[in-house]
Enquirer: 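This structure is in structure tokens; I'll ask about it shortly.
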Amino acid sequence: MSHDRQYAPLTPGIIRGLSDKLYDKRKNSALEIERLVKSLGIANDFTSIRKILTILQDDFAFSSNANCRKGGLIGLAAIAIALGQFPDSIAKFLPELAPPVLGCFTDIDARVRYYACEAMYNISKVARLEILTFFNRLFVGLFKLTSDPDPSVKNGAELLDRLIKDIVNEDSGAIDMETFLPLLQERVYTQDPNNRQFIVSWIQVLEGMPDLNMIVYLPTLLEGLFRILSDPNLEIRRMCEALLGEFLRKVDSPRVTNFQAMVRIVLRFCISDDRITKLMAISWLHNFTSIGKEQMQPYMSEILGAVLPAVSYSVDAKLRELASATNENLMELIRRSNPATLVLSPESPAATESSMGEGAADADGGNVTSPDSFNIASMIIVLTLQLLHDSVATRMASLRWFDLLHSRVPKVIAQHVDEFVPALLKILSDPSEKVVAYALKVMATLSLSRFEVLEEGSLDTQADLEEVADTFFNRIMADILRLFKEDRELFEQRGSFIIRRLATFIDANKIFRKLAGVLEKEEDLLFAGLMTQMLNLILLTAPELFVLRQQLKSMKTEESQSFFRVLFTAWCHSPVSTYALCLLAQQYEHCCGLLQKFSELEVTVTFLVEIDKLIQLLESPVFTFLRLQLLEPQRYAYLVKALYGLLMLMPQTEAYRTLKNRLDCIPTIVLSLELLKDEELEVFKGSSNASDVDFDQLLAHFDAVQELHNVVTAEGRTSRKKQVAK
């Protein structure tokens with residue numbers, strides 16, 4: 001009897017039925033409880049109802065017997081259903097109804113977990129918005145149940161999850177985001193696919209609520225969402241991609257949230273191996289650079305490191321286009337910036353803080369301040385690395401950046417030439433001629449003193465910039481010659497192209513003067529001779545050097561005479577090149593003097609091959625003026641003598657016959673013009689404008705240089721003999 005009073009108002013039959021192992025008996029007992037609670041409610045006997053709740057909680061839901069726990073859960077659900085008929089009553093009893101059911105979410109028995117889902121479904125259906133008092137605990141429980149190994153439990157959890165989402169949609173304000181967000185943030189990094197799908201679905205629900213601004217909370221969730229985006233499950237990927245795309249459309253201002261924090265997160269995923277993740281990250285970066293503008297300044301180097309490799313992405317045209325557009329946004333930011341903001345170095349405290357991306361945030365998550373500066377030093381490091389990228393498009397994009405930065409802050413760039421010039425020189429061996437051509441344009445640009453007008457207040461003067469340009473020009477010319485000497489393959493295959501290309505951007509006179517000055521002091525005489533031959537061929541044939549050839553022909557100015565002297569002293573490393581230079585300058589009497597010197601030289605096969613090439617050049621358009629002068633052999637007697645002397649040096653090869661055929665035309669012309677002979681016709685010895693050129697001194701220099709070559713040749717022979725003797 002005392003036992004019956006203990007469970008009153010529940011009857012012994014109800015108690016036995018709730019703990020029975022058969023479902024039907026437990027269900028019948030639950031129906032009895034529902035009827036009993038309804039009657040008690042009509043009688044306003046809520047004290048008895050609370051007692052029933054206590055019995056079901058203490059003696060059943062928390063029992064060690066699994067059947068009792070199942071019966072207790074069904075009984076609790078029955079009470080909730082009965083209370084649904086009494087408005088506002090459910091809210092009074094939720095603190096007793098919900099906790100025992102939530103506790104059973106983690107029960108060791110799968111059937112108990114299933115009944116817990118079922119019971120909570122019925123309770124929530126009645127309680128509606130009141131159940132959101134337990135939203136955080138519900139969310140944590142459902143998170144675990146969605147990855148439950150038992151299929152029936154997962155199905156039950158999914159039904160309950162859909163119901164809770166519907167309830168939340170009725171009033172988003174019922175969720176305490178301050179306490180809920182840490183739970184969401186912690187679980188967004190889950191690796192389980194079911195949990196990931198659950199998390200994404202809930203963020204989608206929250207994002208779709210008109211009264212809840214999820215953008216404010218996005219920085220704490222963004223990294224986890226990007227991780228989920230690379231999930232192998234296609235459905236999860238699509239859900240996450242759609243969610244991130246929706247967020248991206250709503251990020252329309254850098255002030256709506258912690259903008260810099262999101263930039264740092266997105267940057268980490270721009271180098272992902274997963275194509276979809278990379279595309280999404282680049283899309284976000286493109287949006288950031290479009291709306292953030294100046295707030296992107298501290299992250300320029302990191303963004304370049306992410307974007308430049310992607311401009312050559314061959315697998316996805318959309319990704320490649322987005323990367324290119326982002327790169328253009330960054331370049332436009334540099335073009336519009338004040339040069340005073342482009343001078344920070346990594347050691348600067350402000351630059352260090354900027355590169356770390358630290359920024360204060362206001363109460364709404366927005367940044368209070370943003371460093372107004374660029375870290376040029378770190379940008380140069382990134383751009384230099386990208387110069388060595390496998391893709392042509394990336395290397396070209398990097399070269400464009402060097403061109404742009406130099407146009408804005410030439411002195412700053414000049415301070416870092418030691419860091420990127422080796423990479424520029426290495427590019428000269430690039431298989432792509434387009435890349436080589438642009439690299440040469442960059443080198444030429446760095447060597448010029450014509451810059452954009454700097455902002456008012458800049459400390460750079462034109463004199464400063466000219467000094468910077470001249471210093472770089474001298475360095476780059478010396479470096480190119482050194483590179484040619486070390487890499488003979490590059491010298492032979494690209495040497496002419498490199499010099500000619502530079503001559504399209506830089507005054508050819510300046511280039512040849514500098515190279516001649518270096519060659520004059522070159523200790524490697526073999527290389528000096530080869531380099532002289534190449535430069536001579538460029539001088540005689542390159543269309544880019546037409547004006548230079550015209551100046552040498554006339555030598556009307558002191559500058560052109562000085563130029564001839566500079567070239568001559570360097571050209572002495574190659575006798576035939578020296579002879580060709582004098583022909584071009586119309587110093588025919590001097591040519592005859594050189595021929596006398598040739599008789600004292602060792603006539604080698606190389607020497608004869610050079611003469612052979614020169615004879616072929618004499619038939620080219622460059623020497624049209626010379627061939628026309630042969631129509632006046634009396635006036636140009638030294639020219640005729642110089643050419644006949646050249647003919648006498650040649651063995652009877654095809655080149656010999658070519659020159660002989662040309663010279664054989666002269667006697668016929670002389671006879672036909674005999675009656676027109678002018679007794680007072682002055683013999684042309686050379687351009688009268690070259691009177692200030694000391695040819696005796698130049699010949700003496702020629703002798704001295706050739707003597708050095710003879711010594712080196714003799715030493716080479718001696719060395720080879722010793723090696724053979726060994």
Enquirer: Would you find more than 12 non-hydrogen atoms of other residues, nucleotides or ligands less than 6.0 Å from Gln697 atom CD?
Expert: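 Counting neighbours around CD of Gln697, 12 or fewer heavy atoms of other residues, nucleotides or ligands fall under 6.0 Å, so no.
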Enquirer: Enter the distance from Met443:CE to Phe505:CZ here, rounded to the nearest 0.5 Å.
Expert: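 Spacing of CE (Met443) from CZ (Phe505) equals 11.5 Å.
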Enquirer: Angle class for the Tyr636/Tyr588 ring planes (parallel below 30°, perpendicular above 60°, tilted otherwise)?
Expert: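 Perpendicular: the ring planes of Tyr636 and Tyr588 meet at over 60°.
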Enquirer: With rounding to the nearest 0.5 angstrom, report the CD1 to CD1 distance, Ile499 to Ile538.
Expert: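 Here the interatomic distance stands at 5.5 Å.
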Enquirer: Enter the distance from Leu440:CG to Thr504:OG1 here, rounded to the nearest 0.5 Å.
Expert: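 If I round to the nearest 0.5 Å, the distance is 8.0 Å.
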Enquirer: Would you call Arg482 and Glu486 a salt bridge, taking side-chain N to carboxylate O under 4.0 Å as the test?
Expert: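 Salt bridge between Arg482 and Glu486, a charged N being under 4.0 Å from a carboxylate O: yes.
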Enquirer: Looking only at the side chains, is there a donor atom on one of Ser574 and Thr532 sitting less than 3.5 Å from an acceptor on the other?
Expert: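 No, no side-chain donor-acceptor contact under 3.5 Å.
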Enquirer: Identify the two heavy atoms, one from Met531 and one from Leu481, that lie closest to each other, and give their separation to 0.1 Å.
Expert: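 Closest heavy-atom pair between Met531 and Leu481: CE-CD2, 3.5 Å.
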Enquirer: Would you tell me whether Ser290 and Asn329 have side-chain atoms, one donor and one acceptor, within less than 3.5 Å of each other?
Expert: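 A donor-acceptor contact under 3.5 Å links the two side chains.
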Enquirer: Under a 4.0 Å N-O cut-off, is there an ion pair linking Asp316 with Arg320?
Expert: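 A salt bridge is absent here (no side-chain N lies under 4.0 Å from a carboxylate O).
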Enquirer: How long is the gap from CG on Leu330 to CG on Leu304, to the nearest 0.5 Å?
Expert: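 Going from CG on Leu330 over to CG on Leu304, the span is 5.5 Å.
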Enquirer: For Arg513, what residues pass the salt bridge (charged side-chain N to carboxylate O under 4.0 Å, His left out) criterion, not counting sequence neighbours?
Expert: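 With neighbours one apart ignored, the set is empty.
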Enquirer: Does this structure show an ion pair linking Arg494 with Asp430, if we count only N-O contacts that are shorter than 4.0 Å?
Expert: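 Between Asp430 and Arg494 there is no salt bridge, as every charged N stays at least 4.0 Å from the carboxylate O atoms.
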Enquirer: Considering the options Leu594, Leu567, Val576, Leu540, which one meets the side chain to side chain contact (heavy atoms under 4.5 Å, CB included) requirement together with Leu581?
Expert: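 Result: among Leu594, Leu567, Val576, Leu540, Leu567 is the only option passing the side chain to side chain contact (heavy atoms under 4.5 Å, CB included) with Leu581.
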Enquirer: Decide, yes or no, whether a salt bridge links Lys514 with Glu520 under the criterion of side-chain N to carboxylate O below 4.0 Å.
Expert: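 Here Lys514 does not pair with Glu520 in a salt bridge, since their nearest N and O are not under 4.0 Å apart.
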Enquirer: Has the side chain of Thr394 got a donor or acceptor atom that lies under 3.5 Å from a matching backbone atom of Ser391?
Expert: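 Such a contact is absent between Thr394 side chain and Ser391 backbone.
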Enquirer: In terms of heavy-atom contacts, does CZ of Phe625 have more than 12 from other residues, nucleotides or ligands at under 6.0 Å?
Expert: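 It does: Phe625 CZ has more than 12 such atoms within range.
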Enquirer: Which residue pairs satisfy the salt bridge (charged side-chain N to carboxylate O under 4.0 Å, His left out) criterion with at least one member in residues 604-624, sequence neighbours excluded?
Expert: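 As it turns out, the salt bridge (charged side-chain N to carboxylate O under 4.0 Å, His left out) pairs with a partner in residues 604-624, which skip direct neighbours, are Glu619-Arg662.
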Enquirer: Under a 4.0 Å threshold between the charged nitrogen and the carboxylate oxygen, would Arg408 count as salt-bridged to Asp403?
Expert: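 A salt bridge is absent here (no side-chain N lies under 4.0 Å from a carboxylate O).
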Enquirer: Would the distance check show the side chain of Glu632 and the main-chain N or O of Gln634 forming a donor-acceptor pair, the cut-off being under 3.5 Å?
Expert: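 Judged by distance alone, no pair lies under 3.5 Å.
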Enquirer: Once side-chain contact (heavy atoms from CB on, under 4.5 Å) is applied, do any residues pair with Ala437, and if so which ones, sequence neighbours excluded?
Expert: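 Testing Ala437 for side-chain contact (heavy atoms from CB on, under 4.5 Å), a comparison that skips the adjacent residues, returns Phe497, Arg501.
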Enquirer: Does the gap between the ring centers of Phe607 and Phe598 come in under 6.0 Å?
Expert: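 For Phe607 and Phe598, the ring centres are under 6.0 Å apart.
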Enquirer: Tell me yes or no: between the side chains of His416 and Glu419, is some donor less than 3.5 Å from an acceptor?
Expert: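 Side-chain D/A pair, His416 to Glu419: present.
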Enquirer: Is it true that Thr624 and Arg627 share a donor-acceptor pair across their side chains at a distance under 3.5 Å?
Expert: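 Yes, side-chain donor-acceptor contact under 3.5 Å.
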Enquirer: Taking the six-membered ring of Tyr644 (Phe, Tyr or Trp), confirm whether the NZ or CZ of Lys641 is under 6.0 Å from its centre and within 45° of its axis.
Expert: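 No, Lys641 does not lie over the aromatic ring of Tyr644.
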Enquirer: Say whether Gln586 and Gln629, considering side chains only, have a donor N or O and an acceptor N or O under 3.5 Å apart.
Expert: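 Gln629 and Gln586 do have a side-chain donor-acceptor pair below 3.5 Å.
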Enquirer: Once you measure the plane-to-plane angle for Phe702 and Phe568, does it fall in the parallel (<30°), tilted (30-60°) or perpendicular (>60°) bin?
Expert: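 The arrangement is tilted - the two ring planes meet at 30° to 60°.
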Enquirer: Determine, for Arg657 against Glu654, whether the closest basic-nitrogen to carboxylate-oxygen distance falls under 4.0 angstrom.
Expert: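 Answer for the salt bridge query: yes.
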